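In what follows, a single structure is set out as structure tokens and then discussed.
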Amino acid sequence: MVQIDRMEIDDAGSDPKRLAKAILDQLPDDTVKIPVREIAKAIDIFEIREARLSGLEGALIVPLDKSEGAILINEDRHETRKRYTIAHEIGHYVHPFHRANSPDGFRCRAKDLAVEKAKPNDQHSRMEQQANEFAAELLMPAKSVAEFIRASGDADLANILELAQRHEVSREAAARRYIPRIGDPVAVVFSKAGVIRYARCNEFFPGLSVSRGQPVPQQSVSALSNASIGEVTDCIEVDGFTWLNDAAGVCLFEQTLAQQNGFRMTLLTAELDDADEEWDAPAFYGRR
Ligand SMILES: [Zn+2]
């Protein structure tokens, strides 16, 4: 049985990552799949009710002092989504500054659960962003993800799938956690029925030439692949201009995975010429 001392959480302050850490530190060391339901119970969430919710993903019903609470989640969702919603509501519950936006408690819509960057001067958006930051850290602790990446080698879609499975989170959530932590230039593009939904690039990746709402490039592996659903393709070298604004000096590799209902995930890996220049530098100085 999970036991959590709420005092430890109270002492963690208001930073979402520190709040998550205050909980993680109280779990057994070898915990990989975070037991969100047990954690909720251990901090006096007396019920997690699954119901058919219209317009809502989840809700947290609490008295003002947050001495106890109940969580409501949408029953029509995959377990990975339910786990994320519960973690998000726990975030509202433990955050010392979060106060409900209605007498019925915190009511969170799908778009609230997707807030990654708070709108300026918008308290609601800030609370949602913080609950999401908390949920991501709780379900996929940065330290654990970094260890996984170190052990798993080059960027690969198969690694993202494995990460998702390890932590029982959605593949998209795993990819968003994975991409910024890879040391080479990588990007992931999410599409549906051949139209780009959104993309995430890490800091090293050159500029993408495509954006939300545009078709997946015709010459891409993603457009041409006839691999079956669930089958990760090989990493294939493609013309850099297929995906990039400026492809000079870039070798680009593409790997893709078709998912249910027309969804697709594409991993782009770039090798930049810059690496060679850095390599040349010592020789140059050596000649002087
Ligand atoms: Zn929320």
Side-chain angles (χ1 to χ4, degrees), residues 4 6 9-10 12-24 34-142 167-177 197-198 200:
I4 306 281
R6 287 186 70 179
I9 307 173
D10 293 343
S14 61
D15 176 66
K17 287 196 188 82
R18 290 192 59 177
L19 287 165
K21 190 169 182 297
I23 294 176
L24 294 167
I34 305 300
V36 273
R37 285 180 167 78
E38 287 81 357
I39 290 170
K41 198 170 167 192
I43 53 174
D44 309 306
I45 302 278
F46 56 83
E47 186 183 7
I48 294 175
R49 189 187 300 173
E50 304 200 7
R52 185 159 293 172
L53 305 177
S54 76
L56 282 187
E57 280 301 301
L60 169 70
I61 297 123
V62 271
L64 259 182
D65 68 357
K66 294 188 183 169
S67 54
E68 58 174 16
I71 288 175
L72 201 61
I73 56 172
N74 206 327
E75 68 177 7
D76 293 332
R77 292 292 181 266
H78 194 272
E79 178 59 17
T80 56
R81 178 64 164 181
K82 290 178 182 172
R83 283 168 54 78
Y84 185 82
T85 306
I86 294 168
H88 174 100
E89 300 305 338
I90 295 176
H92 286 312
Y93 183 68
V94 298
H95 197 289
F97 303 149
H98 285 203
R99 292 288 171 260
N101 48 9
S102 94
D104 305 335
F106 294 84
R107 299 163 64 85
C108 306
R109 299 157 296 177
K111 69 174 185 183
D112 295 325
L113 270 68
V115 176
E116 284 182 69
K117 226 173 154 181
K119 290 185 207 146
N121 305 317
D122 182 331
Q123 179 62 18
H124 174 74
S125 151
R126 186 169 164 75
M127 287 198 300
E128 297 310 328
Q129 179 270 321
Q130 288 172 331
N132 290 328
E133 191 181 340
F134 171 88
E137 179 63 26
L138 184 71
L139 294 170
M140 283 174 282
H167 293 278
E168 205 177 354
V169 297
S170 72
R171 291 164 171 187
E172 260 183 70
R176 289 197 301 264
R177 207 79 177 138
R197 294 170 50 227
Y198 68 98
R200 285 286 179 277

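All ligand and atom numbering here is 1-based and tracks the order in the structure. On a predicted model such as this, the values are computed, not experimentally measured, just so you know. Position 1 is the first residue of the sequence; numbering continues from there.
Side-chain contact, His92 with Gln130: no donor N or O sits under 3.5 Å from an acceptor N or O.
Closest N/O/S atom of His92 to the Zn ion (ligand 1): NE2.
Remark: Glu172 engages Arg176, Arg197 in a salt bridge (charged side-chain N to carboxylate O under 4.0 Å, His left out) (not counting sequence neighbours). Here Asp44 pairs with Arg6 under the salt bridge (charged side-chain N to carboxylate O under 4.0 Å, His left out) rule; sequence neighbours left out.
At least one donor-acceptor pair closer than 3.5 Å links the side chain of His95 to the backbone N or O of Ser14.
Taking the Zn ion (ligand 1) as the corner point, the angle from Cys108 atom SG to His88 atom NE2 is about 110° (rounded to 10 degrees).
Checking Glu128 against the Zn ion (ligand 1), an N/O/S atom falls under the 2.8 Å cut-off.
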